Engineer: 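What follows is a single structure, and I will ask about it in a moment.
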Amino acid sequence: MSSPVQIAPARGKLGILLVGLGAVATTTIAGVFAIRKGLATPIGSLTQMGTIRLGKRTEGRSPKINEFVPLADLGDIAFGGWDIFEEDCYAAARTAGVLENGQLDRVRDELEAIRPMPAVFDQRYVKRLQGPNVKKGKNKRDLAEQVIADIRAFKERHACDRLVMVWTGSTEVYMKEAPVHASVTCFERGLEQSDESIPSSMVYAYAALREGIPFANAAPNLTANVPALLELAARTGAPVAGNDMKTGQTLIKTIIAPGLKARLLGVRGWYSTNILGNRDGEVLDDPESFKTKEESKKSALDYIFQPHLYPELYKDLCHVVRINYYPPRGDNKEGWDNIDLIGWLGYPMQLKINFLCRDSILAAPIVVDSALFLDLAKRAGMSGIQEWLSFYFKAPMHAREVYPEHDLFIQLMKLKNTLRHMQGEELITHLGREYYD
Ligand SMILES: NC(=O)c1ccc[n+]([C@@H]2O[C@H](COP(=O)([O-])OP(=O)(O)OC[C@H]3O[C@@H](n4cnc5c(N)ncnc54)[C@H](O)[C@@H]3O)[C@@H](O)[C@H]2O)c1
């Protein structure tokens, strides 16, 4: 057993700042309020419902995760955020149409009290949206300073001890790393010059990280995943996680694919298509935003199947991902997967998956978990990329010299072992020889 990591207690209030108060954000906030009142159960949340096995199987020690590590209590959370639309969180949740009106009405007062702060927004990065609640500034540096002022004012107004920021805003257009992202110095010069390669999401991430606030990215945008912002995170001791929450089709993909690979079943093709009718679907209808999402969704299979190690099984796999905007469906996405697989002696088989899911219902517990775990990481003195939170993301952030881990089961093991490590408990290797020797 190693000695436990020093973790500051979760004393006082945790402020969760959400950038983009749309479907995911309002479903998260309304859900937490309903759970706090005892009106609902936090299904899907590891921090609220998960347990962790400690020691040998014969010891029978499996405490709840939130009793094992000191996490913020849902009762001690204050929510705030930014959006380009002026509607309060109750109205925004009604617009999103995810939760039933009766359920929203039971937490109406709390939701109405959350009004979006004016956003940093430029339509160049999200082509399908336009809204009135937008900051003006002389350059991007000025906008970043305004966000920092918002953060400080929120912290004071709500008497928060600690803060976490999560980007729950729309998917921005596809972007590659540019010279302005190379270092904090280049980035700050770029802010001054309003460099085109600094989208709105990076302005928020910069503001959070400069304040030493943990930052998670629920969308596939590049955002904090550039050397400049990681350098800043290291300097201010801020943990970072992302990108793009793993919810519907990709969640299923990273559940099924490791199973096929474990049994050495070959895969020739994987065709995935979705229909989606919420605002996210509308934004993704723009080819440039879709490209960002597509890149994020497509990487998982390559890393799980490792075609370089198993060329007979997975080389030249044809992987196609489509998202079609179809308004009548709203947030209730439907995904179809057709998998062409091959077995013994090369005989072909097919697997079809039809997932009728609810996007934001799958996303909300992940927003809660990643915020609470990032706050824990901060109190444990961990900064920079938190690979143990890969479990929650479609395109997990990772050190440059290693490939990202996409297998959901390895990700969960990594997460739980990190918690065991924090508390000085033995890591679980699943070797299990001791029961038979
Ligand atoms: N729902 C899911 O299961 C899921 C899964 C993975 C990722 N995501 C991603 O999460 C994000 C949010 O999804 P959603 O369904 O809530 O979308 P949404 O369109 O309902 O909400 C996004 C909100 O962000 C706001 N916004 C956009 N740019 C902004 C800016 N610069 N500053 C402040 N606000 C801004 C929009 O006005 C909108 O209200 C999307 O990028 C989506 O791709 C969602």
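Whatever order the structure lists ligands and atoms in, that order sets their numbers, starting from 1. It should be emphasised that the depicted structure is a prediction, and the values quoted were computed from it without experimental measurement. Computed over heavy atoms, backbone and side chain alike; hydrogens, waters and symmetry mates excluded.
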Engineer: For Gly248, state whether at least one heavy atom is located under 4.0 Å from any atom of ligand 1.
Structural biologist: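 No; Gly248 lies far enough from ligand 1 that no heavy-atom distance drops under 4.0 Å.
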Engineer: Give a yes-or-no answer on whether the side chains of Ser200 and Asp122 include a donor-acceptor pair shorter than 3.5 Å.
Structural biologist: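 Not at all, the side chains of Ser200 and Asp122 share no donor-acceptor pair under 3.5 Å.
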Engineer: Given Ser289, Gly20, Ser360, which one has a non-hydrogen atom that is nearest to atom 34 (N) of ligand 1?
Structural biologist: Gly20
Engineer: Which option wins on minimum heavy-atom distance to atom 27 (C) of ligand 1: Ser170, Ala364, Gly81?
Structural biologist: Ser170
Engineer: Give yes if a backbone or side-chain nitrogen or oxygen of Ala23 is under 3.5 Å from a nitrogen or oxygen of ligand 1, and no if not.
Structural biologist: yes
Engineer: For ligand 1, is Glu282 a contact, meaning one of its heavy atoms is under 4.0 Å away?
Structural biologist: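 Flag not set, Glu282 not near ligand 1.
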Engineer: Please name all residues satisfying ring-ring contact (aromatic ring centres under 6.0 Å, His included) with His421, sequence neighbours left out, ordered by chain then number.
Structural biologist: none
Engineer: To which of Gly169, Gly97, Ala25 does the heavy atom nearest atom 41 (O) of ligand 1 belong?
Structural biologist: Gly169
Engineer: Can you see whether Ser390 engages Lys414 through a side-chain donor-acceptor pair at a distance of less than 3.5 angstrom?
Structural biologist: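 Their side chains do not contain a donor-acceptor pair, so the 3.5 Å distance test is not met.
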Engineer: Does Thr247 reach ligand 1 with a nitrogen or oxygen that is under 3.5 Å from one of the ligand's nitrogen or oxygen atoms?
Structural biologist: yes
Engineer: Could you list all the side chain to side chain donor-acceptor pair (under 3.5 Å) pairs where at least one residue sits in residues 177-191, not counting sequence neighbours?
Structural biologist: Glu177-Arg400, Glu188-Tyr206
Engineer: So is Val283 in contact with ligand 1, going by heavy-atom distances below 4.0 Å?
Structural biologist: no
Engineer: Contact between ligand 1 and Tyr125 is defined here as a heavy atom of the residue under 4.0 Å from a ligand atom; is it met?
Structural biologist: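 Flag not set, Tyr125 not near ligand 1.
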